[in-house]
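Predicted, not measured: the structure shown is a model, and the values here were computed from it.
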Amino acid sequence: MTEPNVLSSLSSALAETIARAAPAIVSVHSHRARATGFVWKTGLVVTADEALADEGEIEIQFADGSRRPATVVGRDHTTDIALLRVEGDVAPVKLSTGSPSLGSLAVIVAADRGAPTARLGMVALSGPAWRSLRGGEIDARIELDVRLRHSQQGGLALDAAGEPFGMAVLGPRRVLTIPATTIERVATQLEKSGRIARGYLGVGLQPVRLDDGLGAMVMNFDKAGPSAAAGIRQGDVIIAVNGEKLSGVRALSRGLGPQSVGMVVELTVHRGGEPLNFKVTVGERPET
């Protein structure tokens, strides 16, 4: 009998790693869309929000082939995390809060109509925390050099030791991983309240170009909102926040994360050609 070589040992180790994770991986069917998810807690499934339909019934297909209806507990578009509730006693995944090293192997375990699938790749980037284009706080930037189908979004990303370090999603250029720390933080809040609190100024803004930079004109506002209470009017042009020049409307929106609720910010506006300062207490964005 021949001794196993390095490749056969690696192959066996990968197969064992995938087999351990596969029972907790599910297919998520929603209004003609298919995605992957994993059992985060008993009866609760985490999946990629981007891959989940905005309306219609949702069905979960487990590794044993059984299918059960699911309901949305909560969704956070900014971090691409959705939490679903489904009946079942499948053992949940235990996420690892560690970050994989640059160049290390990574396995994505996903599902296609309930059947487990796997992809092997490499960690192409392992960097610090960042904000998504929608303003979500992602605790680490982990990019994977691997191909991923749309139906495999929401799959579990494992390191070479078989530790699940995040959820795989499709990014603009590469496959991104929503790290375990972000999943735990956001899913816990969704389970508790069904939503993630976001800051709210109560104004509709339009970017404008000024002689000395950029501004944001108040096109409309909530008469009962924080900005109106502080004295800001329609037609005012916001030029600075806390003394720093405004770099754009999107940058202002990104700063209105969960931690901003209740904070007092100083907005400098142009009104009739004169600069005025207003202290605004950031509110919580209404669900609607």
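Residues L246 and I239 form no side-chain contact, since every pair of their non-hydrogen atoms from C-beta on lies 4.5 Å or further apart. Between E16 and R20 there is a side-chain heavy-atom pair separated by less than 4.5 Å. Between W130 and L176, the closest side-chain pair of non-hydrogen atoms falls below 4.5 Å. Taking 4.5 Å as the limit, some side-chain heavy atom of Q152 sits within range of a side-chain heavy atom of T117. D112 is listed as a side-chain neighbour of R149, based on a closest heavy-atom distance under 4.5 Å. Residues M167 and W40 fail the side-chain proximity criterion, which asks for heavy atoms closer than 4.5 Å.
A salt bridge links E137 with R131: the closest approach of a Lys/Arg side-chain nitrogen to an acidic carboxylate oxygen falls below 4.0 angstrom. In summary, R75 and D54 engage in a salt bridge, as defined by a charged side-chain N under 4.0 Å from a carboxylate O.
When the shell of 6.0 Å around CD of Q259 is examined, it contains more than 12 heavy atoms from other residues, nucleotides or ligands. More than 12 heavy atoms of other shown residues, nucleotides or ligands fall within 6.0 angstrom of atom CZ in R67. Counting non-hydrogen atoms of other residues, nucleotides and ligands closer than 6.0 Å to CG of D212 gives a total above 12.
In this structure, a donor-acceptor pair under 3.5 Å is absent between the side chains of T79 and R185. Checked by atom type, the side-chain pair E184/T97 shows no donor-acceptor distance below 3.5 Å.
Note that the OG1 atom of T182 and the CG atom of D80 stand 11.5 Å from one another [nearest 0.5 Å]. Note that the CG atom of L44 and the OG1 atom of T188 stand 10.0 Å from one another [nearest 0.5 Å]. Between I18 atom CD1 and R119 atom CZ the span is 12.0 Å, to the nearest 0.5 Å.
Listed here is the closest heavy atom pair of S247 and L214: O-CD1, 3.4 Å.
Just one of Q61, E57, R113 meets the side chain to side chain donor-acceptor pair (under 3.5 Å) condition when paired with H29; it is Q61.
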- Task: I would like to know whether H31 and E55 meet side chain to side chain donor-acceptor pair (under 3.5 Å); could you show each step before the answer?
- Result: CA-CA 7 Å; H31 194 60; E55 57 184 13; 4.5 Å; no

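One N or O on the side chain of R68 and one on the backbone of E87 form a donor-acceptor pair closer than 3.5 Å. Although no hydrogens or angles enter the test, the distance criterion places no donor-acceptor pair under 3.5 Å between the side chain of T177 and the main chain of A168.
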